[in-house]
Amino acid sequence: MKSSRRRFLKLAGIAALGLGSRPVVDAAYAAVGGQAAPEPKVGRQPEALTAKQWAMVIDTRRFESAADMEPLIEACHSIHNVPHFENKRHEIKWIWETEYKHAFPGKENDFLPWEVKERPYLVLCNHCENPPCVRACPTKATFKNENGIVVMDFHRCIGCRFCMAACPFGSRSFNFRDPRPFVAETNKKFPTRMKGVVEKCNFCAERLAEGKMPACVEASDGALVFGDLYDPQSKVRQVLNDNYTIRRKQELGTSPAVYYIV
Amino acid sequence: MLEFAVKGSKRYWGLVLALAAIAGVGVLTWLYQLSFGLGITGMSRDVSWGFYIAQFTFLVGVAAGGVMVVLPYYLHDYKAFGRITILGEFLAIAAVVMCLLFILVDLGQPMRMLNVLFYPTPNSVLFWDMIVLNGYLFLNVVIGWNVLQAERHGTHYPMWVKPLIYVSIPWAVSIHTVTAYLYCGLPGRHFWLTAILAPRFLASAFAAGPALLILLCMVIRKFTKFDPGWEQIQSLAKIVTYAIILNVFFFLCEVFVAFYSNIPYHMDSITYLFAGLHGYDAYVPWMWTSIIMMVLGIILLVPPVTRRNPMTLAAACLLVFFGAWIDKGMGMIAGGFTPNPLHEISEYIPTAPEVMIALGVWAAGFLVLTVLFKIAVSIKEEVRA
Ligand code: SF4
Ligand code: SF4
Ligand code: SF4
């Protein structure tokens, strides 16, 4: 049952949903006080967006302050049922803002232009083309789907956190306690998680499957560009062609698929 | 032979009950952790492995260290160790049991543990670690049991055990090598990203394991009618001496590379552990204590006078064991995670429940050890009588 659900997930390209074994999953959700997912559409939808490797370009010049990023972060965290914890140790985040020196350690420079150094930077999972987290996972609960997205099967994850040690970008969070009471408003179209599993940005695989762009991209008013890295006609490639971009810790060879125009 | 486990003096039962009680409190605390989640520990998004995995790493070393009595006896025909190989093997069993328990208590979803078998993933080092650890446990149980039974009946152990013994020797090296590979193959964790990690782990293993064995032999000498032998203890002491010197040497090599090259990310974790970084310095006193203990241990072990004196030898073994424990059981994991990949610092301090669970696992392991040693010693006494 598990493996057929998994194959289905891969086929539909909507990993996080866990719909293949719906009755079981529903029962499990009900049992632990969560909500059941709505009636799923089975199989790949004709409107689904596909790519060889989805990629993102972030135009950091478009963000002047943390307030500019708030709507994007909020969009992601609310539709994905990301809980909010006061205790910093239990923190879970899929996309967040940080300083230049934290986003690009090793690329600091005392004499950078003031606005480059002071501007906030968005960081999220890079959906690396050569992801060390996938290499490390002992159960294939973290895997690369056929669109190049590094997705997670929350129902398979054993919570060993090897992937967190392996990720050189700090992109992953662990559910140190039951997250459900800490989700302000549950989005019933996306599963909530249980304690003891890891989670992270999934490049909105569930939205792409319905033909929609990622939520943060949609909320960014063009500051974030999303597309197929290996389609020369894609918007991402145009932007990469026209701008000098950098990536986080490129030297580690993980080949991040999130690019930054600085 | 199990009957020896239930026939014992008051002192034996007192020890068994005390250990069982501590283990029981550990189990209760673990149940609390199961219901709340790993949030009861000091771990965080930034330091996502802590005390449990550190104990695990240290104990893999103790388990591997057991081979230091098996190897000289079977490969070099060093007859004196024949008397104590069983102690080395039983120590390895208890240590591996603790390792497996530490992995168990560290999992976020332990009920799904078998997913590692249902979806075998050869590209994950954790998958291999599971294989080598369970394999090593199996080998030591089969070998230890058969050899001991043969000794009791005054016969030779079955011939099929011999190849298993030979396999167990490189296997012991493999458990600690694979455990080091869990860490040293991860990009971006500069403290671990070093080819010398596996050799360093082995060196500290071959120091801490035999040091503990010497202490255990001394206890057995004192409290039972079986004498593991002074010559045996002295040979083990020489092994501890070389191994702890190598361990300190490997560490100094790390320090040289990091600070002469002056590459920030190689220096940061070491600076954090030994001097503090950006005002965070909880580990500084511990790490210096560790270094001082190991160096004092060397000073006591190298001169034959102090090595041959039971009192100073015992002190040296304690210093080496606890020095290596701080080095690996505390600094190695927290240090590797600090600073985090974004170069921020979240200081990790284990919580009381976390330490209680860890104590419970240690007690469970020493319970296994006590019972196994009791069986072994009773049989040795019986054979001698
Ligand atoms: S950023 Fe981290 S979590 Fe995301 S794919 Fe790369 S290694 Fe994996
Ligand atoms: S925590 Fe889950 S996703 Fe991460 S390595 Fe372990 S099983 Fe895989
Ligand atoms: S791509 Fe989707 S999941 Fe990832 S940060 Fe943006 S909104 Fe969140």
Side-chain angles (χ1 to χ4, degrees), chain A residues 2-3 6 85 87-93 98-99 101-106 108 123 130 132 134-141 143 153-179 194-198 248-249 251-254, chain B residues 33-49 53 103 106-130 182-183 185-190 192-193 263-265 268 333 336-337 339-344 346 348 351:
Chain A
K2 271 212 162 146
S3 72
R6 180 181 176 76
F85 291 109
N87 185 342
K88 193 162 177 297
R89 287 212 319 266
H90 300 162
E91 186 181 33
I92 293 184
K93 48 191 181 185
T98 189
E99 294 169 49
K101 63 173 194 270
H102 294 309
F104 303 104
E108 310 100 322
V123 285
N130 182 14
V134 171
R135 210 150 61 221
C137 178
T139 63
K140 303 191 188 80
F143 60 101
D153 182 341
F154 304 126
H155 299 277
R156 182 182 289 193
C157 173
I158 59 173
C160 65
R161 312 190 293 297
F162 198 11
C163 54
M164 295 177 80
C167 171
F169 305 98
S171 304
R172 298 176 155 261
S173 308
F174 180 71
N175 286 281
F176 279 98
R177 57 183 302 185
D178 182 8
M194 65 288 283
K195 66 174 175 253
V197 300
V198 165
R248 296 172 68 199
K249 298 191 184 176
E251 69 279 9
L252 296 180
T254 70
Chain B
Q33 176 182 295
L34 271 187
S35 80
F36 186 93
L38 281 161
I40 65 158
T41 69
M43 290 186 268
S44 63
R45 199 178 182 283
D46 292 331
V47 184
S48 45
W49 280 338
I53 292 296
I103 294 277
D106 187 67
L107 290 183
Q109 286 285 338
M111 297 71 82
R112 297 183 188 160
M113 190 173 47
L114 290 179
N115 279 0
V116 178
L117 294 177
F118 294 154
Y119 312 102
T121 313
N123 48 270
S124 172
V125 184
L126 208 58
F127 169 77
W128 292 106
D129 212 34
M130 179 207 66
L182 284 176
Y183 308 107
L186 305 177
R189 303 279 178 192
H190 298 277
W192 299 333
L193 192 69
I263 298 173
Y265 304 103
D268 286 340
I333 303 305
F337 280 111
N340 80 356
L342 287 91
H343 210 74
E344 299 153 338
S346 315
Y348 163 75
T351 60

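First the proteins, then the strands, lettered A, B, ... as listed; each starts at 1.
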Completion exercise
For Arg172(A), the side-chain hydrogen bond (donor to acceptor under 3.5 Å, both in side chains) test, sequence neighbours excluded, returns Thr142(A)
Problem - Most contacts with chain B, counted as non-hydrogen pairs under 4.5 angstrom, among Arg161(A), Arg135(A), Glu99(A) - result: Arg161(A)
Problem - Donor-acceptor pair, side chain of Asn115(B) and main chain of Arg156(A), under 3.5 angstrom - result: yes
Handout entry: Any donor-acceptor N/O pair, Gln109(B) side chain to Lys195(A) backbone, under 3.5 Å
Key = yes
Problem - Approximate separation, where rounding is to 0.5 Å, of Phe162(A) CZ and Ser48(B) OG - result: 11.0 Å
Handout entry: Proximity breakdown for Val198(A) and chain B, heavy-atom pairs closer than 4.5 Å
Key = neither
Handout entry: Heavy-atom contact with chain A under 4.5 Å, split by part of Met130(B)
Key = neither
Fill in the blank from the handout: If you tally heavy-atom pairs under 4.5 Å between each of Val125(B), Thr41(B), Asn123(B), Leu117(B) and chain A, the highest tally belongs to Asn123(B)
Problem - Straight-line distance of Met113(B) CE to Thr139(A) OG1, nearest 0.5 Å - result: 13.0 Å
Exercise for the section: Pick whichever of Ala165(A), Pro132(A), Ala136(A) has the most heavy-atom pairs under 4.5 Å with chain B. Expected result: Ala165(A)
Exercise for the section: Quick one: pull up NZ in Lys140(A) and OH in Tyr119(B) and give me the separation to the nearest 0.5 Å. Expected result: 9.5 Å
Handout entry: Region of Tyr183(B) that comes under 4.5 Å of a non-hydrogen atom in chain A
Key = neither
Fill in the blank from the handout: Whatever's closer than 4.5 Å to a heavy atom in chain A on Asn340(B) counts as neither
Handout entry: Note: Arg89(A)-Asp46(B) ion pair, threshold 4.0 Å (strictly below)
Key = no
Handout entry: chain A contact via Ile263(B) - side chain, backbone, both or neither, heavy atoms under 4.5 Å
Key = neither
Handout entry: Short side-chain to backbone donor-acceptor contact, His90(A) and Gly39(B), under 3.5 Å
Key = yes
Fill in the blank from the handout: Applying a strict 4.5 Å limit to non-hydrogen atoms, the region of Tyr265(B) in contact with chain A is side chain
Practice task
Could you tell me which portion of Pro105(A) (side chain, backbone, both or neither) has an atom closer than 4.5 angstrom to a non-hydrogen atom of chain B?
Solution key: both
Practice task
Please examine the side chains of Ile40(B) and Arg177(A), heavy atoms only from C-beta on, and report whether any two atoms are closer than 4.5 Å.
Solution key: no
Handout entry: Under 4.5 Å from any heavy atom of chain B - which part of Cys160(A)
Key = both
Practice task
Using a cut-off of under 4.5 Å on heavy-atom pairs, state which of Pro264(B), Pro187(B), Gly188(B), Pro110(B) scores highest against chain A.
Solution key: Pro187(B)
Handout entry: Rounded distance (nearest 0.5 Å) linking atom CZ of Phe176(A) with atom OG of Ser44(B)
Key = 6.0 Å
Handout entry: Trp192(B), CH2: over 12 other non-hydrogen atoms inside 6.0 angstrom
Key = yes
Completion exercise
Bottom line for Ser171(A): the part with an atom under 4.5 Å from chain B's heavy atoms is backbone
Handout entry: Under 4.5 Å from any heavy atom of chain A - which part of Leu186(B)
Key = side chain
Problem - Flag, side chain of Lys101(A) to backbone of His343(B), donor-acceptor distance under 3.5 Å - result: no
Completion exercise
If one checks every heavy atom of Ile103(B) against chain A at 4.5 Å, the contacting part turns out to be neither
Exercise for the section: Please confirm whether the backbone N or O of Pro341(B) pairs with a side-chain atom of Lys249(A), one donor and one acceptor, at under 3.5 Å? Expected result: yes
Completion exercise
The side-chain contact (heavy atoms from CB on, under 4.5 Å) partners of Glu91(A) (sequence neighbours excluded) come to Lys88(A), Lys93(A), Arg45(B)
Practice task
Would you check if the side chain of Arg189(B) reaches a backbone N or O of Ala166(A) as a donor-acceptor pair within less than 3.5 Å?
Solution key: no
Exercise for the section: Against chain A, label Pro122(B) side chain, backbone, both or neither, depending on which of its atoms sit under 4.5 Å from a heavy atom there. Expected result: neither
